[in-house]
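Counting starts at 1 for both ligands and their atoms, following the listed order. Please read all numbers here as calculations on a predicted model, not as lab measurements.
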Amino acid sequence: MSDQNPYLSLIVPCYNEESVLVETYQRLIKLLNPLAFSFEIIFVNDGSTDQTPFILDDFAHKDQRVIVLHFSRNFGHQQALSAGLHECRGQYAVIIDADLQDPPEIIPEMLNLAIRESANIVFGQRVTRKKEGWFKKISASIYYRLLNFLSDVELPLDSGDFRLLDRQVIDTFKELKEKNKYIRGLMGWVGYKQLPFLYEREARFAGKTHYSFTKMLQLAIKGLLYFSKKPLMIAMNLGFISVLIGLLLAIYVLVSKFVYHEAVTGWSSILISVIFFGGIQLLSIGILVQYLGSIFEEVKNRPEYLISRRVKQTFTSEK
Ligand code: UDP
Ligand code: MG
């Protein structure tokens, strides 16, 4: 690694964040300027349609430590993180949201912890979520627990993408060939020495969340699909159970007709079972289609994201 590489890289995904970016940048600079090591800030503009690109370009023109990657369109949060990880050159990298929900002030402490304990990953673990709706809190809590129950790797509870990674982990990440990435899951999958860092999740500084209910659901399904084959097993088991119940019912009907000569009258029970088993079949097919869709996405082998412009000051004038 050459001397020119910074010690710490910050990766900040931005999608229509015009209302927070100036504050975010200033807070990061205020925090990092007094510290003894060199750093770079990589802003990934994920196809924003507001003033975000201009604000970011302005940072990069004034500050040589800023790099801006502009995506050709909105590819998504996870893709933005992936681009940042591929771009960063630091000995350590920190992934942090642009909206200041994850307090930048704890970054030096995370770094200290990583150095002191020789940890490869220090992940932020939320103790509280200030001013987040009860629905988000409850759904997030259930989701993380469900994911852990279903998934093949251990994923830490209540942690998002706010984390510090060392060079070894970054290089490992860059080796991963899959196009559809669920970063926090992959970070659990890679292993190495991982330590939690407890913190309070703040309310958004300004603007509103870009994770609508459907986007959140998509991310949740992504997590389940990419890290678990258990849903397939569950679908299969449901199929087995329904076949078994169907067989027992058939025996019951035949016995009552031919042995006891009773006419079967229960239309309603027939209807109920048809609907029930039809539902199970649709559910199972639905699960299969989700996996098939992901396989389809992977085999197309398209790039994860497209960068239309990369802005970095090459000359050295200002600090
Ligand atoms: N983000 C992104 N692309 C998207 C959606 C979000 O890069 O398509 C960024 C966003 O600018 C923010 C981070 O991802 O920095 C987290 O998004 P947000 O705050 O909207 O999600 P929440 O914190 O509510 O889960
Ligand atoms: Mg947020």
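Of all atoms in ligand 1, listed by their number and element, those nearer than 4.0 Å to a heavy atom of Asp97 are 13 (C), 15 (O), 16 (C), 23 (O). Atoms of ligand 1 found under 4.0 Å from any heavy atom of Ala98 (numbered from 1 in listed order, with element): 15 (O). Taking every heavy atom of Asp46 and a limit of under 4.0 angstrom, the matching atoms of ligand 1 come to 2 (C), 3 (N), 4 (C), 7 (O), 8 (O). For ligand 1, the atoms closer than 4.0 angstrom to any heavy atom of Gly76 are 3 (N), 8 (O). Near Glu17, the atoms of ligand 1 lying under 4.0 angstrom from a non-hydrogen atom of the residue are 10 (C), 11 (O), 12 (C), 15 (O).
Looking at Asp99, Leu28, Leu100 one by one, the single match for side chain to side chain contact (heavy atoms under 4.5 Å, CB included) with Glu23 turns out to be Leu100.
For the Mg ion (ligand 2), the N/O/S atoms of Asp99 include one lying under 2.8 Å.
With rounding to the nearest 0.5 angstrom, the CZ atom of Phe197 is 11.5 Å from the CD atom of Gln125.
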Test log, rule side chain to side chain contact (heavy atoms under 4.5 Å, CB included), inputs Val12 and Asp97: CA-CA 6 Å; Val12 192; Asp97 284 355; over 6 Å; no
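Ring-plane geometry between Tyr25 and Phe59 is classed as parallel, the angle between the planes falling under 30 degrees on a 0 to 90 degree scale with a further cut at 60.
When heavy-atom distances to ligand 1 are checked against a 4.0 Å cut-off, Val44 has no atom that comes that close, whether in backbone or side chain.
For His70 and Asp46, the side-chain atoms include no donor-acceptor pair closer than 3.5 Å.
Between Pro13 and ligand 1, a contact under 3.5 Å exists for at least one N or O pair.
Scanning all heavy atoms of the two residues, the minimum distance from Ser48 to Cys14 falls at OG-O, 3.4 Å.
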